[in-house]
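Position 1 is the first residue of the sequence, and the numbers go up from there.
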Amino acid sequence: ENRMVDLLPVFSGFLCYHPDQKGRCSLKKVLPAWLSRTYDRLMISAGGDVQELYPEMLDPGTPQERREEIFRGLLQYCRQDALGLLELWEKLMELTNNE
């Protein structure tokens, strides 16, 4: 836990800001602004999609093929968030000349 860092205060406090964030500090705005990393091509591209599709994936009445498709989409979405945060951290360290 002591190795975890929450980057939200950095962006919500406007300690780091890119004009492409358009006044927003969500990951969906910060990643494209700072890293050109978007969610556009993902099957699941927003939290609302997760809220809709996760229960469908868990529903035993959903065909197995569809459940696997949703699962892969969720993995891609989570991977985008996790790798994006890591790359964002690295970018901030680069900008501040820290390691």
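For the pair D59 (side chain) and P55 (backbone), a donor-acceptor distance under 3.5 Å is absent. The backbone N or O of D40 lies less than 3.5 Å from no partner atom in the side chain of S45, so there is not a single donor-acceptor pair. Here the side chain of E68 pairs no donor or acceptor atom with the backbone of E65 at under 3.5 angstrom.
Between L8 and D6, the shortest heavy-atom contact is N-OD1, 3.0 Å. Closest approach of Q80 and R37 over heavy atoms only: OE1-NH1, 2.5 Å.
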Would L83 and L85 count as a side-chain contact (heavy atoms from CB on, under 4.5 Å) here? Give the steps. CA-CA 5 Å; L83 287 176; L85 284 169; over 6 Å; no
Just do the side-chain contact (heavy atoms from CB on, under 4.5 Å) check on I44 and V50 with the steps written out, would you? CA-CA 7 Å; I44 297 172; V50 174; 3.6 Å; yes
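Between L74 and M43, every side-chain heavy-atom pair lies at or beyond the 4.5 Å cut-off. Contact annotation: the side chain of L92 approaches that of C16 to within less than 4.5 Å [non-hydrogen atoms, C-beta and beyond]. Inter-residue side-chain proximity for D20 and P32 is flagged as unmet; no heavy-atom pair is nearer than 4.5 Å.
Both I70 and Y54 belong to a single network of hydrophobic side chains, linked directly or stepwise wherever heavy atoms of I, L, V, M, F, W or Y lie under 4.5 Å apart. Tracing side-chain contacts under 4.5 Å through hydrophobic residues (I, L, V, M, F, W, Y), one reaches L53 starting from L58; they form part of the same cluster. One hydrophobic cluster, built from ILVMFWY side chains closer than 4.5 Å, holds both L31 and W89. Under the 4.5 Å side-chain contact rule for hydrophobic residues, L88 and L95 share a cluster. Tracing side-chain contacts under 4.5 Å through hydrophobic residues (I, L, V, M, F, W, Y), one reaches V30 starting from M93; they form part of the same cluster.
Within 6.0 Å of the CD atom in Q64, the count of heavy atoms belonging to other residues, nucleotides or ligands exceeds 12. Other residues, nucleotides and ligands contribute more than 12 heavy atoms inside 6.0 Å of the CZ atom of R66.
Taking CG of L42 as the start and CG of L75 as the end, the distance is 11.5 Å to the nearest 0.5 Å. How far OG of S12 is from CZ of R24: 12.5 Å, rounded to the nearest 0.5 Å. Rounding to the nearest 0.5 Å places CH2 of W34 at 13.5 Å from CG of L27.
A salt bridge is defined here as a Lys NZ or Arg NE, NH1 or NH2 lying under 4.0 Å from an Asp or Glu carboxylate O, and E69 with R72 fails to meet this definition. For K28 and D81, the salt-bridge test passes: some basic side-chain N is under 4.0 Å from an acidic carboxylate O.
Under the 6.0 Å cut-off for aromatic ring centres, Y17 and F11 do not qualify, their centroids lying 6.0 Å or more apart.
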